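Working notes, structure below.
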Amino acid sequence: MAEIILEKKKEAARLRIYIGAAPGVGKTYHMLNDAHLMMHQQNVDVVIGLVEPHGRKETEARIRDLEIIPSA
């Protein structure tokens, strides 16, 4: 009979959820700030699947050099 050996990963997966009670409280802006930190300080590859800045110039400015997957 074959033996199955499972190795435990040393680092657990991480999931961040940005919750806000109303539009305009900073969820997208904060997420984009975190994306830049992860990309530039932790060397993590970050790609945007969908972002809706709702015409907010500050949010649009935070997108900067992040890669965006084109919508079909």
Side-chain angles (χ1 to χ4, degrees):
M1 188 188 290
E3 182 179 337
I4 299 174
I5 300 173
L6 300 175
E7 293 183 27
K8 290 185 179 182
K9 292 184 178 181
K10 293 183 180 183
E11 185 176 323
R14 296 182 188 176
L15 173 66
R16 290 186 185 193
I17 300 174
Y18 298 84
I19 298 174
V25 297
K27 296 177 296 289
T28 303
Y29 187 86
H30 190 73
M31 176 192 63
L32 292 170
N33 280 339
D34 286 352
H36 280 283
L37 290 174
M38 292 171 68
M39 191 168 103
H40 296 293
Q41 293 179 0
Q42 300 172 7
N43 207 24
V44 173
D45 188 23
V46 176
V47 179
I48 297 174
L50 175 69
V51 63
E52 179 55 62
H54 298 286
R56 293 180 178 92
K57 299 294 181 194
E58 298 85 9
T59 303
E60 291 174 4
R62 295 303 303 154
I63 295 170
R64 294 187 307 200
D65 57 343
L66 295 174
E67 180 182 352
I68 301 176
I69 298 173
S71 59

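As the structure is a prediction and not an experimental result, all values here were calculated from the model. Because only heavy atoms are used, hydrogens play no part in the values below, and waters and symmetry mates are left out as well, while side chains stay in.
Atom CE in Met39 sits 11.0 Å away from atom CG in Leu32 (nearest 0.5 Å). Atom CG in Leu66 sits 11.0 Å away from atom CE in Met38 (nearest 0.5 Å).
Contact detail for Pro53 and Val51: the closest heavy-atom pair is CD-O, 3.6 Å.
Residues Tyr29 and Leu37 fall into different hydrophobic clusters, defined by Ile, Leu, Val, Met, Phe, Trp and Tyr side chains chained together at heavy-atom separations under 4.5 Å. Criterion: ILVMFWY side-chain heavy atoms under 4.5 Å apart, direct or through other members. Under it, Tyr18 and Val44 are part of a common hydrophobic cluster. A chain of hydrophobic side-chain contacts below 4.5 Å, direct or via other Ile, Leu, Val, Met, Phe, Trp or Tyr residues, connects Met31 to Ile48.
A donor-acceptor contact shorter than 3.5 Å links the side chain of Lys27 to the backbone of Ala22.
For residues 62-72, no pair satisfies salt bridge (charged side-chain N to carboxylate O under 4.0 Å, His left out), with sequence neighbours left out. Listed by first then second residue, pairs satisfying salt bridge (charged side-chain N to carboxylate O under 4.0 Å, His left out) with a partner in residues 45-56 number zero, not counting sequence neighbours.
Considering only heavy atoms from C-beta on, His54 stays 4.5 Å or farther from Thr59 through its side chain.
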